[in-house]
Amino acid sequence: MNITFIFFLGLVFALVGVIPPGLLNMTAAKISLKEGHVRGIMFSIGACVVVIIQTSIAAIFARYLSKNHDVIDVLQRVAFVIFVLITIYFLFIAKSEPKEQVEPKIRSKGSRFFQGLFLSGINVFPIPYQAYMTITLASFGWLDFSQTSIISYVAGAAMGTFVTLYMYIFFFDKIKSKTLTSQKNMNRIIGSITGIIAVVTLINIIREI
């Protein structure tokens, strides 16, 4: 397996999971605006440490599930429905303006790293998301569950998360000043990506029949 390719896969799928405006990226941007880029980066590093742990758990879980094809078949069908619903949401339902995120108040300015750990830790979505993605990639032969492959994928996922948070930190002024049309385009892009994943999932399901 090409570890560079596996690293890139981890980066791309992590980026897709984090790029929609949410608690982590909006909090990182707000910290950066109020306290400087260094604080925002410390928050992002803390978040990425948890992402490493979560993605590792997901990969181990996926390796276990890969030995039980009946469970994988059920998960693929559930994931297909979820991705279709997400696609419908972003293409037809999502509002043009992202909702304001409430930033938890933390008194100590030196605790941004731990704030990143905490907020990333309570977000458990990456575990099932990455478990499904690793199973899907393995079914296409793009990923195996060797230690080297898992480490490469986890490293890519952490880097993808950090890159996304970094973009929010340094370009938040531009992001929040985007026009209505630009936000609609962002929703369409996200919906298109999840739509592609749904199609790939459907193809994989059909292949297994």
Side-chain angles (χ1 to χ4, degrees), residues 1-20 22 24-25 44-87 90 116-117 119-167 189-209:
M1 285 289 176
N2 189 325
I3 60 174
T4 302
F5 178 65
I6 295 173
F7 176 88
F8 178 75
L9 289 175
L11 187 151
V12 170
F13 287 114
L15 190 147
V16 170
V18 182
I19 198 170
L24 283 180
N25 41 37
S44 302
I45 293 174
C48 289
V49 169
V50 174
V51 168
I52 291 173
I53 297 172
Q54 290 175 329
T55 309
S56 299
I57 293 173
I60 294 172
F61 183 59
R63 181 170 58 186
Y64 171 78
L65 290 178
S66 65
K67 299 175 182 178
N68 191 331
H69 293 288
D70 292 336
V71 176
I72 292 178
D73 291 340
V74 173
L75 288 177
Q76 284 181 337
R77 285 161 175 76
V78 172
F80 171 70
V81 173
I82 292 174
F83 282 121
V84 168
L85 292 176
I86 293 174
T87 300
F90 277 107
L117 289 175
L119 291 185
S120 185
I122 62 176
N123 177 27
V124 296
F125 171 74
I127 295 178
Y129 171 76
Q130 290 291 4
Y132 170 72
M133 294 313 306
T134 51
I135 288 174
T136 301
L137 293 173
S139 69
F140 279 94
W142 295 346
L143 174 72
D144 58 36
F145 292 105
S146 65
Q147 185 175 6
T148 302
S149 294
I150 291 177
I151 291 175
S152 299
Y153 187 86
V154 170
M159 181 59 67
T161 302
F162 183 80
V163 167
T164 306
L165 296 178
Y166 185 92
M167 289 171 58
I189 291 172
I190 297 170
S192 299
I193 293 172
T194 55
I196 292 172
I197 296 175
V199 171
V200 171
T201 302
L202 179 60
I203 295 173
N204 210 33
I205 291 173
I206 295 174
R207 286 176 55 194
E208 297 295 330
I209 296 177

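In this structure, the side chains of V51 and S120 come closer than 4.5 Å at one or more pairs of heavy atoms. Here the side chains of T4 and F8 are not in contact, with every heavy-atom distance at 4.5 Å or above.
Between the side chain of N25 and the backbone N or O of V18, at least one donor-acceptor pair lies under 3.5 Å. In terms of modelled atom types and a separation under 3.5 Å, the side chain of T55 and the main chain of I52 share no donor-acceptor contact. In this structure, the side chain of S149 does not engage the main chain of F145 through any donor-acceptor pair within 3.5 Å.
For Y129, the ring-ring contact (aromatic ring centres under 6.0 Å, His included) test picks out F125, with sequence neighbours left out. In terms of the side chain to side chain donor-acceptor pair (under 3.5 Å) criterion, Q54 has no residue partners (sequence neighbours excluded).
Closest approach of A58 and A131 over heavy atoms only: CB-N, 3.5 Å. When all heavy atoms of S44 and L165 are compared, the pair lying nearest together is OG-CB, 3.5 Å.
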Using the rule given for side chain to side chain contact (heavy atoms under 4.5 Å, CB included), can you reason through W142 versus I6, listing the C-alpha separation, both sets of side-chain angles and the distance that settles it, and then say yes or no? CA-CA 7 Å; W142 295 346; I6 295 173; over 6 Å; no
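Taking a 6.0 Å sphere around OH of Y166, one finds it holds 12 or fewer heavy atoms contributed by other residues, nucleotides or ligands.
A distance of 9.5 Å separates CZ in F5 from CG in L143, rounded to the nearest 0.5 Å. The SG atom of C48 sits 10.5 Å away from atom CG of L117, with the distance rounded to the nearest 0.5 Å. The distance from atom CD1 of I60 to atom OG1 of T134, rounded to the nearest 0.5 Å, is 10.5 Å. Expressed to the nearest 0.5 Å, how far CD1 of I57 lies from CZ of F61 amounts to 11.0 Å. Here CZ of F162 is found 13.0 Å from CG of L15. Values are rounded to the nearest 0.5 Å.
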